[in-house]
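What follows is a set of notes on a single structure, which appears directly below.
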Amino acid sequence: MSLFSRGDRIVTELDLVRLHKLGVHRMPAGLPDALDLAEQVPSPEVPADVVTMYSQIEILEAGETAPRKLTLCYPEDAEPAQGFISVLSPVGASLLGLRVGGRAHWHTPQGEPRSARVTAVLFQPEASGDYTT
């Protein structure tokens with residue numbers, strides 16, 4: 001049984017193609033199901049409040065008082081200490097396709113459950129007219 005419902009997430013067609021090229025075997029548990037159930041849209045039609053690849057966002061983790069900035073990226077660009085989080089990490093996979101106000105759920109490498117709410121999309125490539133990043 002999937003943890004996701006149809007339409008819980010919105011993913012651009014380009015992001016979907018690129019993620020499938022990375023290989024399902026590299027994806028964390030749950031991401032293939034989330035992608036299969038996501039609403040797929042052409043890049044020019046994605047709403048500006050959706051987390052897409054290379055979006056810079058703010059999240060507020062449960063129990064924290066200050067949001068933190070993250071940029072969702074592909075594995076080769078990941079620099080967690082600088083806030084560049086791979087889409088293939090548990091936190092990155094849980095954020096892809098969420099809208100502002102959506103809640104992400106993941107487990108740390110130690111197995112601890114975590115969650116965060118997307119509080120803002122500070123930059124989204126598609127909203128700025130970049131449909132190829």
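Here the structure is a predicted model, which means the values were calculated and not measured.
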Residues two or more places apart in sequence or in another chain: which of them pass side chain to side chain contact (heavy atoms under 4.5 Å, CB included) with [X]?
X	value
S115	A62, R103, H105
E112	T108, Q110, R114
S128	F123, D130
R99	I10, P47, D49, V50

Would you name the heavy atoms of [X] and [Y] that are closest together and state the gap between them?
X	Y	result
C73	M53	C-CE, 3.3 Å
V121	Q124	CG1-CB, 3.9 Å
I59	V118	CG2-CA, 4.3 Å
L60	T65	CD1-C, 3.9 Å

Any pair with a residue in [range] that passes side chain to side chain donor-acceptor pair (under 3.5 Å), sequence neighbours left out, goes on the list, sorted by first then second residue, please.
range	result
residues 85-98	none
residues 69-84	Y54-D77
residues 11-24	T12-D15

Go through the steps to decide whether L88 and M27 satisfy the test side-chain contact (heavy atoms from CB on, under 4.5 Å), and finish with yes or no.
CA-CA 6 Å; L88 297 186; M27 293 182 190; 4.0 Å; yes
R68: salt bridge (Lys or Arg N to Asp or Glu O under 4.0 Å) partners, not counting sequence neighbours:
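Applying salt bridge (Lys or Arg N to Asp or Glu O under 4.0 Å) to R68 gives E61.
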Worked verdict on L37 versus R9 for side-chain contact (heavy atoms from CB on, under 4.5 Å):
CA-CA 8 Å; L37 294 171; R9 295 166 186 255; over 6 Å; no
Pair listing, ring-ring contact (aromatic ring centres under 6.0 Å, His included) test, anchored in residues 82-102, at least two apart
none
ring-ring contact (aromatic ring centres under 6.0 Å, His included) pairs, two or more places apart, involving residues 32-52
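The answer is none; no pair qualifies.
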Spacing of D36 atom CG and L31 atom CG [to the nearest 0.5 Å]:
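Going from CG on D36 over to CG on L31, the span is 9.5 Å.
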Under a 4.5 Å cut-off applied to non-hydrogen side-chain atoms, are [X] and [Y] in contact?
X	Y	value
L35	L96	yes
P90	H107	no
I85	L95	no

Check whether Y131 and L72 end up in the same hydrophobic cluster, where Ile, Leu, Val, Met, Phe, Trp and Tyr are linked by side-chain heavy atoms less than 4.5 Å apart.
no
Can you list every pair that meets salt bridge (Lys or Arg N to Asp or Glu O under 4.0 Å) and has a residue in residues 80-91, with sequence neighbours left out?
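Non-adjacent pairs meeting salt bridge (Lys or Arg N to Asp or Glu O under 4.0 Å): zero.
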